[in-house]
Protein chains: 2
Amino acid sequence: MSTRTAAQKQAHAKVDYDAFLANCPSRQLLDRISDKWVALILAALGSDGPHHRGGDRAGAPRAMRYSELSRRLAGVSQKMLTQTLRSLERDGLLTRTVTPTVPVTVTYELTGLGLSLQHVMQGIKQWAEANMDEVLAHREKHDTRVA
Amino acid sequence: MSTRTAAQKQAHAKVDYDAFLANCPSRQLLDRISDKWVALILAALGSDGPHHRGGDRAGAPRAMRYSELSRRLAGVSQKMLTQTLRSLERDGLLTRTVTPTVPVTVTYELTGLGLSLQHVMQGIKQWAEANMDEVLAHREKHDTRVA
DNA sequence: CAGGATCCCGCTAGATACTG
DNA sequence: CAGTATCTAGCGGGATCCTG
C-alpha cells in the first residue's frame, strides 16, 4: 500500500486522534478491534487455508466461506460470527460477496485496510501462543503466593 | 529477575498452542489481552510520560503511579484500572511496587514480557488512530446505502 | 448454506461509598 | 493516595427456532 496518502494526510490535515481521550472516536475503534473474534477472523482470512493448520503465517489473503470460518474458529456462535463479520464489513476491513448459486454462497475477503490491520492483530495472536507458558508460570507463582 | 524457570519449561515441553481451538489456553489469553484498557495501559507505561502528549512512540519503559495512569487513561473507572492492573501483574506483564511513604506510593512498571506485548499492542492503538478517517468514511458509505 | 429473529442468562463495567 | 467493597443496570454472548 502507498504510504503517501497517509503521510500526506498526517502532514496536511494533522487530525490527531488520541485513544487516551475518552470521547475520541479512536477510543471506540480501539475497543471494537480489540476483540478476540476480530483477531481470529482476520488471522483466518489472512492465512492460507483451513487444511494447513500447522502454523498461521500470513500467505496470500484468502477468500473464505461462512461455513469455513465457522469451522475454523472453533466454538464461535453464529451470532458472534455474523455480528463481527458485519462490523468488519461496515468498517471496510473485509468484503462480503454473495454468489447466487443453488444454495447461496457467501465469501469473505480482506480488503487492503483489513490486511493492514491483520498484520498487527496477527502479532497479538502469535504473542499469546508464544508466551503462554511464561504467562502460565507467572500466574502459578502469583497464585500460590496469595493462596 | 531471571526467567530461567519459564525458559526451561518452554524449551523442554514444546506445546503448540493454537488460539483457533476453543479449549486452548491461548484462546483465553488472547481474550484477556484483546482489551481496550490493556492496550492503553501498556501504551502509557511504554511511552515516555503524560506531559508529552503529541505522539506515543515507545521510549524507555516508564514507571507510573496509579494516579498518573488514572489521569492518562481518561474515563477509566478505578475498578477497571485496578482490575486490569492486577490481571497484568498476575500474568507477569508488569510489576507493582509499593513504597511506604506518608501516603502510600504505588508504581507500576512493565516487565520484559510486558514490554514485548506492548510493542504489538502499540500497533493496534496506532492503527486505530491512523485509520480512523478511512474507517469513518467506510461506515458512512455503508450506512447511507442501507438507510 | 448462510444467516435473521428471539429469548434469556451471566458477568462485566460503571457508579457510589468507605478505608488504611 | 491507592485502593476495597457493594450494588445494580446493561449488554455481551450463547442457545434455540425459523427462513430465503
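Here is the naming used below: chain letters follow the sequence lines, and residue numbers restart at 1 for every chain. Just the heavy atoms: all of them, side chains too, but no hydrogens, waters or symmetry mates, feed the values below.
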Between [N] atom [atom2] and [X] atom [atom1], what is the distance in whole Å?
X: B:D35; N: D:dG12; atom1: CG; atom2: C1'; value: 14 Å
X: B:E68; N: D:dC1; atom1: CD; atom2: P; value: 11 Å
X: B:Y66; N: C:dG20; atom1: OH; atom2: C1'; value: 15 Å
X: A:W37; N: D:dG14; atom1: CH2; atom2: C1'; value: 11 Å
X: A:D31; N: C:dG14; atom1: CG; atom2: C1'; value: 14 Å
X: A:L73; N: C:dA2; atom1: CG; atom2: C1'; value: 15 Å

If you compare every side-chain N and O of B:R65 against the phosphate oxygens of D:dC1 (OP1, OP2), does one of them come in below 4.0 Å?
no
Indicate whether OP1 or OP2 belonging to C:dA2 is found under 4.0 Å from a side-chain N or O atom of A:R96.
no
Straight-line distance of B:S26 OG to A:D133 CG, nearest 0.5 Å
10.5 Å
Atom pair CD (A:Q83) and CE (A:M80), whose distance is rounded to the nearest 0.5 Å:
4.5 Å
Quick one: bend of the helix from C:dC1-D:dG20 to C:dG20-D:dC1 from 5 pairs per end, to 10°?
60°
Check whether A:M64 and A:V106 end up in the same hydrophobic cluster, where Ile, Leu, Val, Met, Phe, Trp and Tyr are linked by side-chain heavy atoms less than 4.5 Å apart.
yes
Given the rule that I, L, V, M, F, W and Y join up when any side-chain heavy atoms are under 4.5 Å apart, are A:L115 and A:W37 in one cluster?
yes
Quick check on contacts: within residues 78-87 of chain B, what sits under 4.0 Å from DNA chain C by heavy-atom distance?
B:Q78, B:K79, B:M80, B:Q83
By nearest atom, which of the nucleotides D:dG14, C:dG3, C:dC1 is closest to the A:S77 side chain?
D:dG14
Between C:dA2, D:dC1, D:dG3, which nucleotide gets closest to the side-chain atoms of B:P103?
D:dC1
Does a side-chain heavy-atom distance below 4.5 Å link [X] with [Y]?
X: B:R90; Y: A:D143; result: yes
X: B:L29; Y: B:Y17; result: no
X: A:I41; Y: A:L81; result: yes

Among A:T105, A:T82, A:T107, which residue satisfies the side-chain hydrogen bond (donor to acceptor under 3.5 Å, both in side chains) criterion with A:Y66?
A:T82
Hey, does the side chain of B:S34 reach the backbone of B:L30 with a donor-acceptor pair shorter than 3.5 angstrom?
yes
